[in-house]
Amino acid sequence: MWSSHRAGRSRRCRRTAWWTSCLQRSPPPALGAAAGRSDYRCLPGGGPAAPKEERMRATELFVPTLKEDPADAEAVSHKLLVRGGFVRQLAAGIYIFLPLGWRVLGRINQIIREEMNAIGGVEVSMPTLHPAEVWQQSGRYDAIGSEMFRLKDRNDRPMVLAMTHEEVFAWLAAHELRSYRDLPQIWYQIQIKFRDEPRAKGGILRVREFLMKDSYSFDLDFDGLEVSYNKHIVAYDNIFQRCGLKFYRVESDPGMMGGATAHEYMAPTPAGEDLVALCPQCGYSANLEMARSIATPPEPYAPGTIPEEPAEVETPERRTIAEVSEFLGIPASSLIKSLLVMTADEQPVLALVRGDHELHEGKLSRVLQQEIRPAHPDEVRGILGVEVGFVGPVGVPQRVRVIADECLAPTGPGGERPYVVGGNKAHVHLRGVKLGRDLSPAYADLREARSGDQCPFCGGKLGVEQVLEVGNIFKLGLKYSVPMKANVLDESGKERPVVMGSYGIGPARIAAGAVEQCHDERGIIWPKAIAPFDVYLVQVQSQDDLQTEVAASLHDALELGGLECLWDNRQERAGVKFADADLIGCPVRVTVGKRVSEGLVEVQPRAGGARQEVSVSDVPEVVKGLLA
RNA sequence: CGGGGCGUAGCGCAGCCUGGUAGCGCGCAGCGUUCGGGACGCUGAGGUCCCGGGUUCAAAUCCCGGCGCCCCGACCA
C-alpha cells in the first residue's frame with residue numbers, strides 16, 4: 001500500500017518537491033503491536049527506512065521537556081503539551097507535532113480507522129490544494145469570507161487551501177459514481193485542513209492548520225442517508241469512548257453546512273468554547289445555539305407596582321434592565337428587553353426577550369433565515385426615534401418586524417400578565433403592557449437556555465456545561481450533490497442526485513481534550529488507549545550493568561506482550577526521570593532501581609493507586625492487568 | 001474587526017519610568033563531588049535588546065511607523 005501510494009504521488013508531483021506533500025499527507029503511524037518501529041519514514045529519497053535499533057530509548061527519542069510553563073500558554077493542555085515535549089508552535093495557530101505528540105495522534109487515528117472501517121468506510125487521501133472553480137461551483141467560494149486561504153498559482157489561476165472537503169468528495173462522486181448499484185459509499189480521509197481563523201487560541205485547541213478525519217456518505221435516498229448517519233453515530237460513540245474521553249452527543253445547528261439534522265460531539269472542559277444544555281433526567285442535550293427549554297416563571301411583583309393598563313412612567317437616565325428594575329422596584333423578569341437588530345438586507349427587526357433573559361442571536365438569525373447584527377445606536381434613533389435604553393415594542397413603525405420570545409406569550413410560563421417596556425420616548429418607560437392585547441408580535445424561541453430551566457421533554461432541570469467540540473455529523477442532503485452534479489441512475493433509469501452526509505473529527509482536539517480532562521499538578525495522565533507509550537520504563541542508574549540488562553529484558557518482554565514501552569536510559573538523576581515520567585503521563589511506570597539485585601522492580605500506575613514491588617518475571621502480567 | 005498586554009541569550013524574566021560598557025534563574029559545554037522525586041561547586045560558551053526611521057555626543061531605554069505573539073470581545077462552514 002505504501003509503495004503504490006508513493007507511486008501515485010510522485011507521478012502527480014514530479015515537478016515539485018513531491019516529498020513535502022508526501023510528508024504532510026503520509027498517514028500517521030499505525031501503532032499497536034504489529035506496527036511501530038521502522039514503518040514510517042517519508043523523507044526525500046523515500047523507500048523503506050534502514051532498520052533501526054529495536055528498543056525505544058529516551059536517549060534516541062526526541063522529547064524536549066520543559067521545567068517552566070511557556071509564557072504564551074493559557075490553556076492547561078497547551079502548557080502540558082508544550083512542556084511534555086509533544087508539540088511546538090511555529091506561528092499563530094500553526095503547530096509542529098514532535099515524536100510524542102505524533103504518536104498520540106497516531107494512536108487516535110488508528111482507533112478512528114478501525115471504527116470507520118468497521119462501518120464500511122474506505123480510506124482515501126484528498127489534495128489540500130484545490131482549484132477555486134470547485135468551490136465556485138458549490139457557491140462557497142463567495143459565501144465564505146476571509147477564513148479561506150486563497151492564493152494563485154504561477155499562471156495566476158485562483159486556488160484555495162482546503163477548509164473541508166465536501167466539494168472535492170462530491171466532485172469525485174460526480175465523476176465516478178454512475179449507478180444506484182454503486183451506492184452506498186462511505187469515503188473518509190485523515191487530512192490537513194486550513195482555516196484562517198480570525199483568532200487562533202488555546203494552543204492546539206483552535207488553530208489554522210489542523211488534522212481532521214472527515215468522511216462523506218453517498219446514498220440513493222434519504223432513508224439511505226439515515227442509515228449512514230446512524231452508522232456514524234455508532235462509530236463516533238465507539239471512537240470517543242475508546243479514546244477515553246468524557247463526551248456528549250448533542251443536537252447542533254447545521255448552519256452554513258446546510259441540511260436538516262446535525263449533531264456535535266462535545267468533550268466537557270472549561271477550555272471549551274461551546275456551551276451545551278443537558279438534561280440529566282431524560283438525556284436531552286443540545287448546543288446552546290439550539291437548546292430549547294422552558295423558562296422558570298417570572299418572579300412575582302409587588303402589588304400596585306405594575307398597573308393593568310399601559311401607563312407611562314418617568315425613568316430619567318435609567319437605561320439598563322438593572323437600572324430600571326431597581327428604580328421602579330420591579331423584578332427584572334417583569335421587564336421586557338427590546339433589541340433592535342438589522343438583517344443582512346438591512347431590514348430592522350425588534351426582538352423581545354424577558355428582562356432577565358438573554359437574546360440568542362443565532363436563534364433569531366435562524367428564525368429570520370439570514371444573518372443579523374445589532375443595530376447601531378444612530379440606526380436605532382433613526383428608525384425608532386429614541387435612544388437605545390428606552391426602546392419599546394408599543395407603537396413602533398409598521399416596517400419594523402416585532403418578534404417576541406415564546407415565553408412572553410400569554411400561553412407561556414408567565415401567563416397573561418402585564419410587563420414594563422421601554423416607552424419609545426426619552427427617559428420614559430411603559431408599565432402595564434400586555435402581549436396579545438397591546439401588541440401582537442410573532443413568537444419564536446429566541447432566548448438562550450440556561451441552568452435551572454426546565455427540560456422541554458421531561459420537565460427535568462437543565463444544566464449548562466462548557467464543552468470542546470471534538471466531532472460533528474451533518475446530514476447534507478442534496479446541498480453539494482446538486483451543484484456538483486453528483487448524480488446516479490436509479491432503478492428506473494432516472495438520473496438523481498446522491499444524498500450526502502459529512503462527518504468530522506479533530507484528532508488533535510481529542511488529544512487536547514483528553515489532557516484538559518485528565519491531568520494533575522505534575523502533568524498529563526493519558527487515557528490508556530491514546531498514551532504515547534503504554535509503559536514508561538525508568539532505569540534509575542543508567543551506568544549500572546545489571547539495571548541495564550534487566551531494563552532491556554523488561555522492555556523486550558513488554559513489547560513481546562504487545563505493549564509499547566519507552567525506556568528512559570538517560571544519564572539523569574532519578575528525580576528528573578520521575579518528573580518527566582509524570583509530566584509525559586504514560587499510564588504505567590516501571591522503575592528498575594536498587595532492589596533489582598533481589599529481582600524486584602516497581603510498578604506504579606500514573607493515575608494513582610499503589611506502587612507495588614514486583615518480581616521481574618511478573619512485570620508484563622502485572623502491567624497488563626493495570627492496562628486492562 | 002474593536003479593546004488590552006507583551007517582544008531583551010534556547011526557555012522564563014529583570015533592566016526602560018530617570019539615555020551612559022546588557023543582567024539574573026533555568027538550560028547548554030568542561031572538570032570535580034553527588035546519585036530514588038527536577039543536586040552542588042568551579043570554569044565557560046551563548047545577544048542584529050522584533051524591524052525601520054527619528055531625536056541625541058550617546059538609544060534596550062525617548063518619539064514616529066511597521067511586524068510578530070498572547071488575552072478579552074466579535075467571528076467560527
Side-chain angles (χ1 to χ4, degrees), chain A residues 64-75 78-79 82-85 88-95 135 138-148 160 162-167 193-203 205-208 210 212 214 252-259 262 264 271-274 287 289 361-362 365 371-374 376 468-469 472 474 476 479-480 502-504 506 509 521-523 538-544 547 568 570-584 589-596 600-602 604 611 613:
Chain A
T65 57
L66 260 30
K67 253 191 231 184
E68 291 175 289
D69 283 338
D72 54 7
E74 196 78 10
H78 189 188
K79 290 177 183 171
V82 171
R83 281 190 52 205
R88 285 294 184 268
Q89 186 184 46
L90 177 64
I94 304 179
Y95 278 82
W135 288 75
S138 73
R140 284 162 116 189
Y141 189 77
D142 297 316
I144 295 170
S146 47
E147 223 172 301
M148 180 150 61
V160 309
M163 317 178 53
T164 170
H165 282 80
E166 279 78 16
E167 281 80 356
K193 306 274 188 276
F194 297 89
R195 292 182 191 176
D196 197 358
E197 289 286 345
R199 187 177 152 218
K201 60 189 275 197
L205 290 176
R206 189 179 172 82
V207 290
R208 298 193 295 166
F210 58 99
M212 180 170 165
D214 47 328
S252 73
D253 182 358
M256 297 288 281
M257 289 291 280
E264 287 164 331
E273 297 185 279
D274 285 289
N287 193 309
E289 295 168 354
E361 288 184 22
S365 171
E371 302 278 302
I372 57 163
R373 61 171 174 84
H376 301 301
L468 174 71
E469 183 183 352
N472 53 40
F474 292 97
L476 296 177
K479 172 157 173 144
Y480 297 92
S502 103
Y503 317 87
R509 281 196 165 188
E521 63 291 336
R522 294 199 304 258
V538 174
Q539 179 183 350
V540 174
Q541 291 287 352
S542 60
Q543 307 294 56
D544 183 308
Q547 285 189 20
D568 191 346
R570 293 175 300 167
Q571 293 196 37
E572 289 286 354
R573 297 167 62 84
V576 173
K577 299 185 194 186
F578 292 148
D580 276 345
D582 291 342
L583 177 60
I584 289 165
R589 189 182 87 197
V590 173
T591 307
V592 178
K594 277 187 220 144
R595 301 195 67 187
V596 73
L600 292 176
V601 299
E602 268 171 34
Q604 175 160 39
R611 180 187 298 191
E613 302 233 283

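Note that the structure is predicted; figures quoted are calculated from it, not measured. Sequence lines set the chain letters: A, B, ... in the order given, protein chains first and strands last, and positions in each chain run from 1.
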message: Is there, by distance only and without an angle test, a donor paired with an acceptor across the side chain of A:R83 and the base of B:G38 below 3.5 Å?
response: yes
Nearest-angstrom distance, P atom, B:C35 to B:G47: 37 Å
Nucleotide of B:G38, B:G36, B:G37 approaching A:Q604 most closely (side-chain heavy atoms): B:G37
task: Go through B:C35, B:G36, B:G38 for me and flag the one nearest to the A:R573 side chain.
output: B:C35
message: What I'd like to find out is whether the side chain of A:T164 reaches to under 4.5 Å of the side chain of A:R195, using heavy atoms alone.
response: yes
Euclidean distance, atom NZ of residue A:K594 to atom P of B:C35 [Å, nearest integer]: 10 Å
- request: Determine the Euclidean distance between corresponding C1' atoms of B:A60 and B:C72; express it in Å to zero decimal places.
  value: 30 Å
field: Where protein sits on nucleotides 68-75 of chain B, one letter per nucleotide: B base, S sugar-phosphate only, - none, heavy atoms under 4.0 Å
entry: -SSBBBBB
- prompt: When all nucleic acid strands are considered with a 4.0 Å heavy-atom cut-off, which category describes A:A574: base, sugar-phosphate, or nothing?
  reply: sugar-phosphate
query: Is a donor on one side and an acceptor on the other found under 3.5 Å between the side chain of A:Q539 and the backbone of A:Q541?
result: yes
- request: Write down the distance separating the C1' atoms in B:C50 and B:G68, rounded off to the nearest Å.
  value: 7 Å
task: Any chance you could measure A:H165, atom NE2, to A:D214, atom CG, to the nearest 0.5 Å?
output: 6.5 Å
statement: Contacts of A:T591 and A:M163 projected onto RNA chain B by closest heavy atom; the upstream (5') one is A:T591
- prompt: What does A:R373 touch in the nucleic acid at a heavy-atom separation under 4.0 angstrom: a base, only the sugar-phosphate, or nothing?
  reply: nothing
message: Which residue in the set A:R83, A:R570, A:R522 passes salt bridge (Lys or Arg N to Asp or Glu O under 4.0 Å) when paired with A:D580?
response: A:R570
- prompt: What is the nucleic acid contact for A:R88, judged by heavy atoms within less than 4.0 Å: base, sugar-phosphate only, or nothing?
  reply: nothing
Residue that, paired with A:Q89, satisfies side chain to side chain contact (heavy atoms under 4.5 Å, CB included) out of A:V82, A:D72, A:I94: A:D72
message: My understanding is that a pair needs two contacts under 3.5 Å, Watson-Crick or G-U wobble. By that rule, which nucleotide pairs with B:C40?
response: B:G32
- request: Can you tell me the distance, in whole Å, between the CD1 atom of A:I584 and the C1' atom of B:G38?
  value: 13 Å
message: Distance check, P atoms only: B:G7 and B:A14, in whole angstrom units.
response: 7 Å
- prompt: Quantified in whole Å, what is the P atom distance between nucleotide B:C16 and nucleotide B:U34?
  reply: 44 Å
- prompt: What distance, rounded to whole Å, do you find between the two C1' atoms, one in B:A58 and one in B:U18?
  reply: 16 Å
Salt-bridge contact A:E166-A:K479 (side-chain N to carboxylate O under 4.0 Å): no
- prompt: Counting N and O atoms only, with roles assigned by atom type, does the side chain of A:T591 sit under 3.5 Å from a partner on the main chain of A:G593, one being a donor and the other an acceptor?
  reply: no
- prompt: Looking at B:G12, does its base get a donor-acceptor pair with the side chain of A:D69 below 3.5 Å?
  reply: no
- request: Applying side-chain contact (heavy atoms from CB on, under 4.5 Å), name anything that partners A:S542, two or more places apart in sequence or on another chain.
  value: A:Q571, A:K577
query: Counting only distance, no hydrogens or angles, is the base of B:G36 paired donor-acceptor with the side chain of A:E602 under 3.5 Å?
result: yes
- prompt: Rounded to whole angstrom units, what separation is found between the CD atom of A:Q547 and the P atom of B:C35?
  reply: 14 Å
message: Can you measure A:L66 atom CG to B:G10 atom P for me and round it to whole angstrom units?
response: 14 Å
query: Do A:R509 side-chain atoms and A:L205 backbone N/O form a donor-acceptor pair below 3.5 Å?
result: yes
query: Between the base of B:G25 and the side chain of A:E68, is there any donor-acceptor pair under 3.5 Å?
result: yes
- prompt: Which whole number of Å gives the distance between the C1' atom of B:A59 and that of B:G12?
  reply: 26 Å
field: Minimum-distance pair of heavy atoms, taken over all atoms of A:N472 and A:E469
entry: ND2-OE2, 2.9 Å
Distance, C1' atom - from B:U8 to B:C13, rounded to whole angstrom: 10 Å
- request: Nearest 0.5 Å please: distance from the CD atom of A:E602 over to the NZ atom of A:K594.
  value: 9.5 Å
message: One character per nucleotide, please: for nucleotides 46-52 of chain B, 5' to 3', B when the base has a protein heavy atom closer than 4.0 Å, S when only the sugar-phosphate does, - otherwise.
response: -------
field: Protein-nucleotide distance (A:Q543, atom CD; B:U33, atom P), rounded to Å
entry: 14 Å
